[in-house]
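Take a look at the structure set out below.
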Amino acid sequence: ASLDIKGKIPATELFVRGDAVAGVSGTYDIRDALRAPNGIVSLRAIKAKFLGVNVDSATAGVRLAGKTRGSFQFAAMTRAGVSANAAGTLESVDSTRVLHLDTLTVGLSDHRWALTSPVRVVTDRSGMILDPVILANGLGGRVAVSGTIPNTRPVALTVRVDSLALSDLATVAEVTTALQGYVSLDGQITGTKLHPEIRLTSVGSNLRVGKIVLERVLSNATYKDRRF
């Protein structure tokens with residue numbers, strides 16, 4: 001006989017490592033939960049604070065299709081009016097897990113950032129392989145991350161940011177100080193997972209921070225032996 005479970009997750013308040021949620025509720029409906037789980041788990045959160053960002057509401061759904069495959073959806077709206085959406089699938093075979101991220105968008109008042117193509121992330125006993133994650137806003141802005149993060153062997157991770165508007169960062173982070181201008185960045189992460197080494201080069205153009213105006217700013221940073 002199979003075990004079917006169905007019910008509601010009562011609303012409750014959570015506080016974890018500085019992140020707070022005023023209320024979390026949800027439902028679950030899973031058939032054959034022990035042998036081949038199939039069904040849906042849905043969650044809803046209200047008035048949350050995550051990584052310093054105030055979130056008015058967020059919903060998440062997971063659809064199980066056996067022990068080795070499932071799909072997920074996530075949507076959130078911040079107090080500042082920024083929306084975020086993500087969707088994809090997750091597969092598991094032995095110790096290997098493959099995440100297919102089909103959708104990732106961040107919407108602001110007059111434009112949005114979105115994946116230029118689906119992304120695959122593979123993790124196994126040796127570490128993680130990250131396909132190029134490329135977000136673009138259709139206005140010349142672009143963020144790209146790719147590389148490998150082995151558990152013991154050297155890391156090879158690249159981060160590139162082109163023409164990122166400071167006003168976008170200010171909106172997401174709810175910074176009240178007026179920020180204008182654009183930043184481009186080139187980052188290389190090497191070393192090992194336990195002892196990473198980071199090299200960053202950035203260029204700021206036409207910057208305005210409050211009443212301070214800077215036409216161009218060049219900066220370099222290095223992180224090694226757990227210090228900059």
Exercise for review: Indicate yes or no: does E91 engage R97 in a salt bridge with an N to O separation below 4.0 Å.
Suggested key: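 Salt bridge flag = no for R97 with E91.
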Consider only side-chain N and O atoms of [X] and [Y], and report whether a donor and an acceptor are under 3.5 Å apart.
X: R125; Y: S95; answer: yes
X: H111; Y: D168; answer: yes
X: D124; Y: S126; answer: yes
X: S202; Y: S219; answer: yes

If you take all heavy atoms of [X] and [Y], which pair is closest and at what distance?
X: S2; Y: D32; value: CB-OD1, 3.4 Å
X: L115; Y: L135; value: N-CD2, 3.4 Å
X: S163; Y: S184; value: N-OG, 3.1 Å
X: L104; Y: A86; value: CD1-CB, 4.1 Å
X: V24; Y: A45; value: CG2-CB, 4.3 Å
X: I40; Y: S42; value: CG2-OG, 3.6 Å

Do the side chain of [X] and the main chain of [Y] share a donor and acceptor less than 3.5 angstrom apart?
X: K8; Y: S25; answer: no
X: N38; Y: A36; answer: yes
X: T78; Y: V82; answer: yes

Practice item. Quick one: list whatever passes ring pair (Phe, Tyr, Trp, His ring centres under 6.0 Å) with Y223, sequence neighbours left out. Key: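 Y223 satisfies ring pair (Phe, Tyr, Trp, His ring centres under 6.0 Å) with F228 once adjacent residues are dropped.
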Practice item. Could you walk me through whether N206 and Q180 pass the side-chain contact (heavy atoms from CB on, under 4.5 Å) test, one step at a time? Key: CA-CA 7 Å; N206 302 318; Q180 295 179 8; over 6 Å; no
Side chains of [X] and [Y], heavy atoms from C-beta outward: is any pair under 4.5 Å?
X: E174; Y: V172; answer: no
X: T201; Y: R199; answer: no
X: L166; Y: V183; answer: yes
X: R160; Y: V143; answer: no
X: I9; Y: L43; answer: yes
X: T190; Y: P196; answer: no
X: P37; Y: I30; answer: yes
X: L157; Y: I149; answer: yes

Mind checking the [atom1]-[atom2] spacing from [X] to [Y]? Nearest 0.5 Å is all I need.
X: I198; Y: T222; atom1: CD1; atom2: OG1; result: 10.0 Å
X: L218; Y: R216; atom1: CG; atom2: CZ; result: 5.0 Å
X: T59; Y: M77; atom1: OG1; atom2: CE; result: 10.5 Å
X: N137; Y: L139; atom1: CG; atom2: CG; result: 4.5 Å
X: D102; Y: T89; atom1: CG; atom2: OG1; result: 5.5 Å
X: R112; Y: T105; atom1: CZ; atom2: OG1; result: 5.5 Å

Practice item. Could you please spell out the steps behind the side-chain contact (heavy atoms from CB on, under 4.5 Å) verdict for T158 and V145? Key: CA-CA 6 Å; T158 300; V145 182; over 6 Å; no
Please say yes or no: joined through hydrophobic side-chain contacts below 4.5 Å, possibly via intermediate residues, are [X] and [Y] part of one cluster?
X: V106; Y: Y182; value: no
X: V41; Y: L3; value: yes
X: L101; Y: F74; value: no
X: L214; Y: L185; value: yes
X: V119; Y: I129; value: no

**Study point:** Steps toward side-chain contact (heavy atoms from CB on, under 4.5 Å) verdict (V55, K49)
**Key:** CA-CA 6 Å; V55 179; K49 189 168 186 178; over 6 Å; no
Quick check: are there more than 12 heavy atoms from other residues, nucleotides or ligands sitting under 6.0 Å from [atom1] of [X]?
X: Q73; atom1: CD; answer: no
X: M128; atom1: CE; answer: no
X: N220; atom1: CG; answer: yes

Exercise for review: In sequence, state the C-alpha distance, the side-chain angles, and the governing distance for V209 and T177, and then conclude on side-chain contact (heavy atoms from CB on, under 4.5 Å).
Suggested key: CA-CA 7 Å; V209 181; T177 302; 4.3 Å; yes
Point to revise | Pairs involving residues 138-155, ordered by first then second residue, that meet side-chain hydrogen bond (donor to acceptor under 3.5 Å, both in side chains) (sequence neighbours left out) | key: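 Of all non-adjacent pairs touching residues 138-155, those that pass side-chain hydrogen bond (donor to acceptor under 3.5 Å, both in side chains) are N151-K193.
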